[in-house]
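The block underneath contains the structure these notes are about, expressed in structure tokens.
Counting from 1, the numbers follow the sequence of the chain as shown.
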Amino acid sequence: MVPCTIDSDREDARMCLVAASWQSHPRYRLILAGNRDEFHERPTAPLGRWSGHPGLLAGRDLSAGGLWMGVTEDGRAGVVTNVRDLTAPTDGRSRGELLRDFLTGSDGVGAENFVQRLAQRGDAYRAFNLMVFDPESARFVSNRPASGGRTLGPGIHALSNGPIEAPWPKSRALAAALGAWSARDDAPIEELFLPLADEAVAPDSELPDTGIGLERERLLSAAFIRGDRYGTRASTVLAIEPCGRGVIIERRFGRNGIPQGETRLEFARDPSVCGGGAAA
């Protein structure tokens with residue numbers, strides 16, 4: 001198998017697919033479902049509460065110290081992907097630092113404030129797409145092409161390694177699956193792992209042309225990539241209710257897609273305002 005980029009970049013976590021439902025579900029304020037694709041030999045800590053930041057729930061890239069998806073107990077969350085751009089510089093800072101800084105609060109707390117600051121220095125990082133959320137707002141920003149950020153309105157937003165909402169087959173398929181799941185407001189969130197496990201390769205006529213050749217475009221068109229050297233390392237689903245109660249679930253995979261465990265963490269900004277029961 002081949003990576004989501006074809007250069008020798010080994011210093012940044014790569015998450016290659018995510019769909020977000022923002023303020024459009026009858027029960028959840030935010031839902032994130034995504035796959036992180038990476039070299040299997042890259043050291044990674046599984047989903048957990050971070051030492052020194054116990055309110056942060058995320059996995060961790062042990063090589064560069066960043067993260068690809070995470071949430072805090074005060075309701076901030078986000079995901080980062082790389083951008084498949086063969087002209088992008090490869091000597092910038094790790095893109096995983098961006099989400100780490102947002103979720104640890106070291107560079108501003110709110111999504112809008114963070115993105116405004118980042119827009120002034122985004123070219124210091126390797127090519128990235130970033131979605132960040134707080135309890136009131138959702139923002140997207142990228143540095144390939146550079147943007148000042150945009151507000152994400154209520155609805156479903158899909159992202160892979162191109163522009164946000166780009167009609168790549170696996171992005172469209174995941175967005176459609178999230179929409180269908182959302183139409184059943186009592187559906188268990190574990191069902192969102194089904195589209196994340198899809199290994200179907202898209203027809204050639206639907207593939208994007210990102211300069212990596214048809215064979216690689218085919219291989220990377222699947223939501224779940226199974227390989228000995230490189231593939232889907234984790235599938236993650238996050239759901240947050242309006243009161244701030246939520247759950248994040250991570251399923252991990254080794255070489256050739258062999259399951260390596262699952263972690264489920266529940267959290268609540270203020271349990272007293274959420275009523276009884278646990279996050280679904």
(message) I'd like to know whether D85 forms a salt bridge (charged side-chain N to carboxylate O under 4.0 Å, His left out) with R144, so could you lay out the CA-CA distance, the side-chain angles of the two residues, the decisive distance to 0.1 Å, and finally the verdict.
(response) CA-CA 8 Å; D85 183 344; R144 301 298 292 187; 3.0 Å; yes
(request) Would you please test R100 and S94 for side chain to side chain donor-acceptor pair (under 3.5 Å) and show each step? (result) CA-CA 10 Å; R100 181 196 65 194; S94 166; over 6 Å; no
(message) As a quick check of understanding, evaluate side chain to side chain contact (heavy atoms under 4.5 Å, CB included) for F114 and V141, giving each step before the final call.
(response) CA-CA 10 Å; F114 183 84; V141 64; over 6 Å; no
(request) List the steps and the verdict of side chain to side chain contact (heavy atoms under 4.5 Å, CB included) for R139 and M131. (result) CA-CA 6 Å; R139 300 279 290 180; M131 289 197 291; over 6 Å; no
(request) For side chain to side chain donor-acceptor pair (under 3.5 Å), just list the numbers for T210 and R84, CA-CA rounded to whole Å, side-chain angles, deciding distance to a tenth of an Å, and then say yes or no. (result) CA-CA 7 Å; T210 61; R84 194 184 303 162; 3.3 Å; yes
(message) Applying side chain to side chain contact (heavy atoms under 4.5 Å, CB included) to F128 and L118, what does each step give before you reach the verdict?
(response) CA-CA 12 Å; F128 70 84; L118 177 59; 3.9 Å; yes
(request) Could you go through the side chain to side chain contact (heavy atoms under 4.5 Å, CB included) check for F140 and L130 one step at a time? (result) CA-CA 6 Å; F140 168 81; L130 178 70; 5.9 Å; no
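D209 CG: 12 or fewer foreign heavy atoms inside a 6.0 Å radius.
Ion pairing between a basic and an acidic side chain is recognised when a charged N comes within 4.0 Å of a carboxylate O; R264 and E266 show such pairing. R76 has a carboxylate O that lies under 4.0 Å from a charged side-chain N of D74, or vice versa, which qualifies the two as a salt bridge. E206 and R172 are joined by a salt bridge, as a carboxylate oxygen and a charged side-chain nitrogen come within less than 4.0 angstrom of each other. Ion pairing between a basic and an acidic side chain is recognised when a charged N comes within 4.0 Å of a carboxylate O; E136 and R29 show no such pairing. Salt bridge status for D37 with R233: absent, with no side-chain N to carboxylate O gap under 4.0 Å. R251 and E262 are joined by a salt bridge, as a carboxylate oxygen and a charged side-chain nitrogen come within less than 4.0 angstrom of each other. In summary, E250 and R252 engage in a salt bridge, as defined by a charged side-chain N under 4.0 Å from a carboxylate O.
In terms of the side chain to side chain donor-acceptor pair (under 3.5 Å) criterion, residue partners of S142 (sequence neighbours excluded) are, by chain and number, N129.
Proximity of a side-chain donor or acceptor of S171 to a complementary backbone N or O of P167 within less than 3.5 Å is not detected. For the pair R49 (side chain) and L57 (backbone), a donor-acceptor distance under 3.5 Å is absent. H53 places no side-chain N or O within 3.5 Å of a backbone atom of G105 that could act as its donor or acceptor partner. With T236 contributing its side chain and G34 its backbone, the two residues share no donor-acceptor pair below 3.5 Å. No donor-acceptor distance shorter than 3.5 angstrom exists from the side chain of N143 to the backbone of A146, with no hydrogens or angles considered. In terms of modelled atom types and a separation under 3.5 Å, the side chain of K170 and the main chain of V201 share no donor-acceptor contact.
L32 places none of its side-chain heavy atoms less than 4.5 Å from the side chain of V237. Side-chain contact between F253 and I258 is absent, with no heavy-atom pair separated by less than 4.5 Å. A 4.5 Å side-chain heavy-atom check between R245 and I240 finds every atom pair outside the cut-off. Contact annotation: the side chain of F102 never approaches that of V115 to less than 4.5 Å [non-hydrogen atoms, C-beta and beyond]. Counting only heavy atoms from C-beta outward, the side chains of P208 and S221 never approach each other to under 4.5 Å. Side-chain contact between R126 and R93 is absent, with no heavy atoms from C-beta onward closer than 4.5 Å. Between F267 and T72 the shortest side-chain heavy-atom distance does not fall below 4.5 Å. Considering only heavy atoms from C-beta on, W68 comes within 4.5 Å of T44 through its side chain.
Between the CD1 atom in I31 and the CH2 atom in W181 there is a gap of 4.0 Å [rounded to 0.5 Å]. To the nearest 0.5 Å, the span separating CD1 on I225 from CG on N35 amounts to 8.5 Å. Rounded to the nearest 0.5 Å, atoms CG (L30) and CG (D134) are 10.5 Å apart. Here the CG-CD1 distance, from L238 to I248, works out to 5.0 Å after rounding to the nearest 0.5 Å. Taken from CH2 in W50 to CG in L103, the straight-line distance is 8.5 Å, to the nearest 0.5 Å. Atom CG of L152 sits about 5.5 Å away from atom CZ of R150, to the nearest 0.5 Å.
Follow the hydrophobic side-chain contacts under 4.5 Å out from V18 and you reach I164 in the same cluster. In terms of hydrophobic clustering, with Ile, Leu, Val, Met, Phe, Trp and Tyr side chains grouped at heavy-atom distances under 4.5 Å, L196 and W168 are assigned to different clusters. Clustering ILVMFWY residues whenever any of their side-chain heavy atoms sit less than 4.5 angstrom apart, transitively, puts V247 in the very cluster that holds F193. I249 and F224 end up in different hydrophobic clusters when Ile, Leu, Val, Met, Phe, Trp and Tyr side chains are linked at under 4.5 Å.
For the pair A33 and L174, the tightest heavy-atom approach, listed with the atom from each and the gap, is O-CD2, 3.6 Å. Between A58 and M69 the shortest heavy-atom distance is CB-O, 3.5 Å. Among all heavy-atom pairs drawn from G70 and L99, the shortest one is N-CD2, 4.1 Å. Scanning both residues, P195 and A223, for their nearest heavy atoms gives O-CB, 3.6 Å. Nearest heavy atoms, A20 versus L178: C-CD2, 3.8 Å. Contact record, D228 with R255: O-NH1, 2.5 Å, taken as the closest heavy-atom pair.
Below 30°, between 30° and 60°, or above 60°: for H25 and Y28 the angle between ring planes is between 30° and 60°, a tilted geometry. Ring geometry for F39 versus Y230: interplanar angle over 60°, hence perpendicular rather than tilted (30 to 60°).
In this model, no donor atom of one side chain and acceptor atom of the other lie less than 3.5 Å apart for R36 and T232. Residues N82 and N161 bring a donor and an acceptor atom of their side chains to less than 3.5 Å of each other.
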